[in-house]
Amino acid sequence: MQVLLIAAITANGQIAQNVAQSSLDWTSKEDKKFFSEKTKEVGVVIMGRKTFETIGRPLKDRKLIVLTEKPGEIMEGVEYVNKPVKELLDDLGVRGIARVVIGGGSNVYSTFLREGLVTDVYLTIESLLFGQGIPLASGFDRIDMSLAEVTRLGEGTVLLHYTIK
Ligand SMILES: NC(=O)c1ccc[n+]([C@@H]2O[C@H](COP(=O)([O-])OP(=O)(O)OC[C@H]3O[C@@H](n4cnc5c(N)ncnc54)[C@H](OP(=O)(O)O)[C@@H]3O)[C@@H](O)[C@H]2O)c1
């Protein structure tokens, strides 16, 4: 299974100022375009309930899986899952799915990284700093990566593609 972690980060490695903040508030149009194109190419996006709440709707032309222990309102076009992430990937494999995007947030990125399930990391670095907020990921010792590609997406935006060693 190819598991692509995709995130937009500030230059000091944060993904939001607070849990309610939508990434659309501060990311560039180039990053939004990259996220849209890459997730459509892969076809399946997995995210946590808190991130889904900042989006509030299904993702057009992509399967959206929302992790939650307590789905409240069920929205059409969203698959709600409550299980360990390794089990989720195994289930998707059985359904013939070979590639997924991990779309955040910090809790979900951290779980997939900690469990050694991520194969690729795509980080869009935007030209700003948050003095407080939510880090990309935490709760593991260290993970070594190889830098596969650097792309200047726009005036203030760089995209880094890493593979996990
Ligand atoms: N900049 C970016 O690229 C980017 C991308 C994504 C998100 N974000 C930001 O990240 C923030 C949210 O991140 P977060 O870490 O607070 O939350 P999160 O990872 O989005 O969601 C955490 C929630 O997911 C559910 N969950 C996680 N693993 C599960 C499992 N195995 N089984 C069942 N449920 C599971 C739980 O929901 P329940 O409590 O419902 O059980 C948990 O409370 C927002 O500010 C968002 O804008 C930024």
Side-chain angles (χ1 to χ4, degrees), residues 1 3-42 44-59 62-75 78-93 97 100-118 120-140 143 145 151 153-154 156-162:
M1 176 77 73
V3 179
L4 285 63
L5 184 159
I6 299 184
I9 64 170
T10 64
N12 59 335
Q14 294 190 305
I15 61 165
Q17 286 174 293
N18 59 67
V19 70
Q21 183 179 41
S22 162
S23 301
L24 300 179
D25 288 357
W26 59 275
T27 53
S28 60
K29 64 177 190 309
E30 291 86 359
D31 175 63
K32 293 176 181 83
K33 181 167 180 284
F34 167 71
F35 183 81
S36 173
E37 287 176 356
K38 196 71 182 172
T39 52
K40 282 178 183 163
E41 174 197 317
V42 173
V44 180
V45 180
I46 300 170
M47 66 176 61
R49 189 261 305 166
K50 293 179 183 174
T51 294
F52 179 63
E53 281 180 2
T54 70
I55 298 173
R57 55 175 176 78
L59 298 176
R62 288 147 284 183
K63 175 187 286 300
L64 175 59
I65 297 173
V66 173
L67 288 165
T68 179
E69 290 180 6
K70 39 178 183 327
E73 187 198 340
I74 304 289
M75 198 175 290
V78 178
E79 190 174 324
Y80 298 88
V81 169
N82 176 14
K83 61 177 59 163
V85 295
K86 172 78 173 72
E87 216 175 290
L88 167 60
L89 294 186
D90 289 345
D91 289 354
L92 292 173
I97 291 168
V100 297
V101 167
I102 308 307
S106 187
N107 174 300
V108 168
Y109 290 144
S110 300
T111 304
F112 277 90
L113 286 166
R114 197 167 50 238
E115 301 205 8
L117 299 170
V118 176
D120 295 77
V121 174
Y122 289 86
L123 297 179
T124 302
I125 305 178
E126 298 288 11
S127 296
L128 77 169
L129 307 166
F130 290 151
Q132 59 185 35
I134 302 175
L136 173 69
S138 60
F140 47 84
I143 294 171
M145 307 193 291
T151 312
L153 287 187
T157 307
V158 174
L159 173 66
L160 304 180
H161 172 200
Y162 297 95

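Values below: all heavy atoms of this structure, side chains included; hydrogens, waters and symmetry mates excluded. Note that ligands are numbered from 1 as they come in the structure, with each ligand's atoms numbered from 1 the same way.
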Ligand 1 atoms nearer than 4.0 angstrom to some heavy atom of Lys83 are 30 (C), 31 (N), 32 (N)
Out of Lys50, Gln17, Lys86, Met47, indicate the one that has the non-hydrogen atom closest to atom 17 (O) of ligand 1. Lys50
For atom 8 (N) of ligand 1, what is the nearest protein heavy atom, given as residue, atom name and distance? Ile15 CD1, 3.7 Å
Main-chain N/O of Ile6 paired to Tyr109 side chain as donor or acceptor, under 3.5 Å: yes
May I ask you to check whether over 12 heavy atoms, not counting those of Lys33, lie within 6.0 Å of atom NZ? no
Rounded to the nearest 0.5 Å, the CD1 atom of Ile15 sits from the CH2 atom of Trp26 at a distance of 8.0 Å
Please list, in number order, the atoms of ligand 1 under 4.0 Å from a heavy atom of Tyr109. 3 (O), 5 (C), 6 (C)
Got an N/O contact under 3.5 Å between Val108 and ligand 1? yes
Shortest protein heavy-atom distance from atom 35 (C) of ligand 1, along with the residue and atom involved: Leu67 CB, 3.6 Å
Atoms in ligand 1 flagged as close to Asn82, the criterion being non-hydrogen separation under 4.0 Å: 32 (N), 33 (C)
Ion pair Glu41/Lys38, N-O distance below 4.0 Å: yes
At under 4.0 Å between heavy atoms, is it the side chain or the backbone of Phe112 that contacts ligand 1, or both, or neither? neither
Close N or O approach (Gly105, ligand 1; < 3.5 Å): yes
Judged by heavy atoms only, the candidate from Asn107, Asp25, Leu123 nearest atom 22 (C) of ligand 1 is Asn107
Close-contact set for ligand 1 against Trp26 heavy atoms, below 4.0 Å: 1 (N)
Above 12 or not: heavy atoms from other molecules or residues under 6.0 Å from NZ of Lys32? yes
When only distance counts, is Val19 in polar contact with ligand 1, meaning an N/O pair under 3.5 Å? yes
Heavy atom to atom 20 (O) of ligand 1, shortest distance: which of Thr27, Ile55, Ile9, Thr51 holds it? Thr51
Would one find an N or O of Ala8, backbone or side chain, under 3.5 Å from an N or O of ligand 1? yes
Could you say whether the N/O atoms of Ala7 and ligand 1 ever approach to under 3.5 Å? no
Within the distance-only criterion (no hydrogens, no angle test), does the side chain of Thr27 pair as donor or acceptor with the backbone N or O of Ser23 below 3.5 angstrom? yes
Is Gln21 close enough to touch ligand 1? Criterion: a residue heavy atom under 4.0 Å from a ligand atom. yes
For the atom pair CG (Asp31) and OG1 (Thr157), what is the distance rounded to the nearest 0.5 Å? 7.0 Å
Looking at Tyr80 and Arg49, would you say the former's side chain and the latter's main chain have a donor-acceptor pair under 3.5 Å? no
Non-hydrogen atoms of Glu79 and Lys63 that approach each other most closely: OE1-NZ, 3.5 Å
Residues that Glu69 engages under salt bridge (charged side-chain N to carboxylate O under 4.0 Å, His left out), provided they are two or more places apart: none
Out of Leu117, Val108, Leu113, which one pairs with Ile102 under the side-chain contact (heavy atoms from CB on, under 4.5 Å) rule? Val108
Please list, in number order, the atoms of ligand 1 under 4.0 Å from a heavy atom of Lys70. 38 (P), 39 (O), 40 (O), 41 (O)
Backbone of Lys70 reached by a side-chain donor or acceptor of Thr68 within 3.5 Å: yes
Any idea how His161 and Tyr122 line up, ring-wise: parallel (<30°), tilted (30 to 60°), or perpendicular (>60°)? parallel
Specify the protein heavy atom at minimum distance from atom 6 (C) of ligand 1: its residue, its atom name, and the distance to 0.1 Å. Gly103 O, 3.0 Å
In the protein, what heavy atom is nearest to atom 41 (O) of ligand 1, and what distance, to one decimal place, separates them? Glu69 N, 2.8 Å
Could you tell me the residue and atom name of the protein heavy atom closest to atom 40 (O) of ligand 1, and the distance to it rounded to 0.1 Å? Thr68 OG1, 2.5 Å
Does even one non-hydrogen atom of Asn18 get within less than 4.0 Å of ligand 1? yes
The protein heavy atom nearest to atom 11 (C) of ligand 1 is Ile134 CD1, 3.9 Å
Among protein heavy atoms, which lies nearest atom 4 (C) of ligand 1, and at what distance? Ser23 OG, 3.3 Å
Counting heavy atoms under 4.0 Å, the part of Ser106 that contacts ligand 1 is both
What atoms in ligand 1 come closer than 4.0 Å to a heavy atom of Arg49? 21 (O), 23 (C), 24 (O), 37 (O), 38 (P), 39 (O), 40 (O)
Determine whether a donor-acceptor pair (N or O, by modelled atom type, separation under 3.5 Å) exists between the side chain of Asn12 and the backbone of Phe130. yes
Can you establish whether the number of heavy atoms outside Gln132 located under 6.0 Å from its atom CD is more than 12? no
For ligand 1, is any non-hydrogen atom under 4.0 Å from Phe52's backbone (N, CA, C, O), its side chain (CB onward), both, or neither? neither
